[in-house]
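Working notes, beginning with the structure itself.
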There are 2 protein chains.
Amino acid sequence: MTAQPAPGAPATAGTDAMPAPGTPAAQAPAAGSRPAPSGPRAARKRQAIVRAARDLFLREGFGVGMDAIAAEAAVSKVTVYNHFGSKEALFTAVVAGALDEPLTTGPEGPDLAGLAEATDLRTALTEAGRAWVRAVRADDEARALRGLVAGELHRFPELGRAWRAHGPTGHHPAVADALRALADRGRLEIPDLEVAVLQLYSLLVFPQMVFEQYGADLGDELSERLLTDGVEMFLRRYAAPGTA
Amino acid sequence: MTAQPAPGAPATAGTDAMPAPGTPAAQAPAAGSRPAPSGPRAARKRQAIVRAARDLFLREGFGVGMDAIAAEAAVSKVTVYNHFGSKEALFTAVVAGALDEPLTTGPEGPDLAGLAEATDLRTALTEAGRAWVRAVRADDEARALRGLVAGELHRFPELGRAWRAHGPTGHHPAVADALRALADRGRLEIPDLEVAVLQLYSLLVFPQMVFEQYGADLGDELSERLLTDGVEMFLRRYAAPGTA
DNA sequence: ATGCAACTGAACTCTTGAGTTTAACTGAAC
DNA sequence: GTTCAGTTAAACTCAAGAGTTCAGTTGCAT
C-alpha cells in the first residue's frame, strides 16, 4: 500500500554523493537535512503540520497520505516537504515530539516520590497504582501512539531506542528509587530490586497493556480488583515483618 | 490501497468475516463468487501458497507483494487469486490457519494438567512456568505472528475476535482449571479465581510479551529470576496455610 | 516599498503494487 | 485419447501515493 521509496536516498536529485548542478542543495549537510525554513511564520506552519500529522497518524496509522496531512494542517504539501524532507522524517518528528510531552507520566501520573512518606503504605500504593493504571488505560492518545509505534517499529529501527527509553524501562529509575526508599526506611524487604520493580509493573500495568495490544480491554471492575489484589500480593511478598 | 475490480465484475469475496472459531472452513468464498478450485493438484498448490504466504508475511510483514508470495510458492499469481480472492483473504486464511496449529501451546507447552498431582508444588509450578516462558520467548514464529497481527489489527477487525480467542484469554480455561483443581485439593486458597489467573499470567509471561512488543528482550538470566521469584510471590499469596 | 524567503496550488513524474486478461499448456478423470 | 478445470507466463489496467516542478502570491524585515 505505502509506496516505499527505494531504499536509499530518493530525495532531491541523486544520492548524497552527487550534488546536482544548479540546485542549491549544498546547504545544511550537517545533520543530513536540507535547509530548514525559519522565521515566525515558518514556526507556525511547522507546528500546524506536526499537530495535524500527529492527529492523523494516530487516527489513521502510518498509511495516511501526505496530501491529507497537508490538507488537515491547512498548508501546502510543498511546505510540508520544505520542513520535513520525507514522510519518515515527519513521522519521526511527530513521535519524538510526542515522547517529550508528559505522556506516560501524565498529569495524573502516580505520586511515586511521596510513597515513602505515606503513613498507610497499602492505601498509598493502591492510590498510586490506580493513577498509573488510569494513565495507561484512559489516555487514548498515548494508547494510539503505543500501537502505532509498535506496529511501525520494523520500519523505524532508530525510533526503537528512543521509544524504549520512554517505555516501561524508562520508568525504572523512578520506581526503583521509590522502592529503594521504602526499603531503606525498613518498610519493605527487597532482596532483588530489579525483579521487584518488574513485578510491580507486572501486577499493575502490564495486564492493561497486553490486553490492549490484543484489542481487548479489562473492564473497570476487573481492573480495580486486579489493582487492589496486586498491591496485596506485592505487599505480602515484600512488606517488612514489623509492618502489618 | 486495494485496486478496484474491473467495472462490472463484483469483488471476489473480499474481506469475508471469519467463520466461527473452530471451523477450519478457510475457503468457500461464500456469496456470489467464483468456485473455489478443487482436486488433488489444487490442494497441493493451495498448501504451497499458504506456506509461502505465512513465511513471507511473518518475515516481511503484510506489505510483501503478491508476486513475491506467488514466486515463493512456485506458483502463478493467477493461481493465488483463484484460490484466495484477495490479499486480505489470503492473510486471513494464513492467520486463521496458524491459529489452528499448536502455536501458543507449543510442543513444549506447560504441563497444566499434571500440576494438581505434583508433590512439590513450587517446583512443578516453576517448571510449568519455565516451559511457558520458553514457548513465549523462543518461538520466533509465534512471536512474529503476534507482532504481525497486532500491527495489522486495525485493517482486519474481524480477525481481532479469533485472534483474541487464541491470545492470553484463550488459555484462561486451562489455567483456571488447573488452579481450581489445586484449590479443591486444599493446596491453594484462592478467593478470586479470575484475578489469580491473570496474576499468574502477569508474573510469568506478561513481562516477556510487553518487552517483546517494545522490541526489547529480558535476558535469560533476568527471565529466570523473574520466573522463580514470580512463583514465590504467587505461592506466598495463595498457598494454603497448611502447605509450607 | 522593496526584496527575499517562505508559501501556495495545481499539474506533473515515477514507482509500486493489486488485480485482470489472454493464449497456451498440464494433468487427472472419463 | 479426449476433455476440461486448473495452471502458467507475461503483458496489461488501474489506483494511489510519495515527492517534485513551477509560476505566481504573501509574510516579514530592512
Side-chain angles (χ1 to χ4, degrees), chain A residues 1-15 20 22-25 27-28 34-49 53 56 60-71 73-91 155, chain B residues 1-15 27 29 33-49 53 56 60-71 73-91 155:
Chain A
M1 53 172 312
T2 53
Q4 284 280 68
T12 56
T15 42
T23 49
Q27 305 190 19
R34 354 263 110 134
S38 63
R41 188 176 57 189
R44 257 183 287 126
K45 299 286 182 183
R46 186 184 190 85
Q47 185 182 348
I49 295 171
L56 287 184
E60 314 271 348
F62 184 74
V64 73
M66 290 296 260
D67 300 82
I69 293 175
V75 142
S76 162
K77 189 160 66 149
V78 181
T79 301
V80 177
Y81 277 96
N82 282 344
H83 280 271
F84 313 88
S86 69
K87 195 184 188 180
E88 273 85 357
L90 177 56
F91 183 80
R155 214 193 303 260
Chain B
M1 42 195 72
T2 54
Q4 289 294 77
T12 57
T15 51
Q27 56 262 46
S33 275
R34 349 230 145 190
S38 63
R41 190 176 55 190
R44 258 181 288 127
K45 299 287 181 184
R46 184 184 193 85
Q47 185 183 348
I49 295 171
L56 287 184
E60 314 269 350
F62 184 73
V64 73
M66 291 295 263
D67 300 81
I69 294 176
V75 142
S76 162
K77 189 160 67 148
V78 181
T79 301
V80 177
Y81 279 96
N82 282 344
H83 280 271
F84 314 87
S86 69
K87 195 183 187 182
E88 273 85 357
L90 176 56
F91 183 80
R155 213 193 303 261

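Proteins get letters first, then strands, A, B, ... in listed order; numbering begins at 1 in each.
- Contact annotation: B:Thr79 reaches the phosphate of D:dT8 (side-chain N/O to OP1 or OP2, under 4.0 Å).
- Residues passing the salt bridge (Lys or Arg N to Asp or Glu O under 4.0 Å) test with A:Lys77, sequence neighbours excluded: A:Asp67.
- In this structure, the CG atom of B:Asn82 is 11 Å from the C1' atom of C:dT20, given to the nearest Å.
- The CE atom of B:Met66 sits 8.5 Å away from atom CD1 of B:Ile49, with the distance rounded to the nearest 0.5 Å.
- If you check C:dG19, C:dC7, D:dG6 against the side chain of A:Ala42, the one that comes closest is C:dC7.
- Residue A:Val64 is classed as a sugar-phosphate contact, given heavy-atom separations below 4.0 Å to backbone atoms only.
- Atom-to-atom distance recorded for A:Arg44:CZ and A:Arg41:CZ is 8.0 Å, nearest 0.5 angstrom.
- The CZ atom of A:Arg46 sits 14 Å away from the C1' atom of C:dA6 (whole-angstrom rounding).
- Nucleic acid contact for A:Ala74: sugar-phosphate only, since backbone atoms but no base atoms lie under 4.0 Å from a heavy atom of the residue.
- C:dA6 atom C1' lies 17 Å from atom CD of A:Gln47, rounded to whole Å.
- Listed pair B:Lys77 / C:dT20 fails the phosphate criterion, with no side-chain N or O lying under 4.0 Å from OP1 or OP2.
- Of the listed nucleotides (C:dA6, C:dT8, D:dA10), C:dA6 has the atom at the smallest distance from the side chain of A:Ser38.
- No engagement by B:Gly39 is indicated, since no non-hydrogen atom pair under 4.0 Å with the nucleic acid exists.
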Check the interface with nucleotides 26-29 of chain D: list each N/O to N/O pair with the protein under 3.5 Å, or write none.
{"unit_1": "D:dT26", "atom_1": "O2", "unit_2": "A:Arg41", "atom_2": "NH1", "d": "3.4"}
{"unit_1": "D:dG27", "atom_1": "O4'", "unit_2": "A:Arg41", "atom_2": "NH1", "d": "2.4"}
{"unit_1": "D:dC28", "atom_1": "OP1", "unit_2": "A:Arg44", "atom_2": "NH2", "d": "2.5"}

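- The OH-P distance, from B:Tyr81 to D:dG6, rounds to 19 Å in whole Å.
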### Task
Toss me the dot-bracket line for DNA chain C: Watson-Crick and G-U wobble, both under 3.5 Å, 5' to 3', using | for pairs to another strand and [ ] for crossers.
||||||||||||||||||||||||||||||
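- Spacing between atom CZ of B:Phe84 and atom C1' of C:dT20 amounts to 19 Å, rounded to whole angstrom units.
- A distance of 5.0 Å separates CZ in B:Arg155 from CZ in B:Phe62, rounded to the nearest 0.5 Å.
- When all heavy atoms of B:Ser86 and B:Tyr81 are compared, the closest pair comes out as CA-CE2, 4.1 Å.
- Remark: the backbone N or O of A:Ser76 is not paired with any side-chain donor or acceptor of A:Lys45 at under 3.5 angstrom.
- Annotation for A:Gln47: atom CD does not count as buried by contact number, only 12 or fewer foreign heavy atoms lying within 6.0 Å.
- In this structure, CG of B:Leu56 is placed 12 Å from P of C:dA18, rounded to the nearest angstrom.
- To the nearest angstrom, P of C:dT20 lies 13 Å from CG of B:Asp67.
- Spacing between atom NE2 of A:His83 and atom P of D:dG19 amounts to 16 Å, rounded to whole angstrom units.
- For a distance-only test at 3.5 Å, the side chain of A:Lys87 fails to qualify as a donor-acceptor partner of the base of D:dG19.
- To the nearest 0.5 angstrom, B:Asn82 atom CG is 11.0 Å from B:Arg46 atom CZ.
- Of all heavy-atom pairs spanning B:Ala73 and B:Ala48, the tightest one is CB-O, 3.6 Å.
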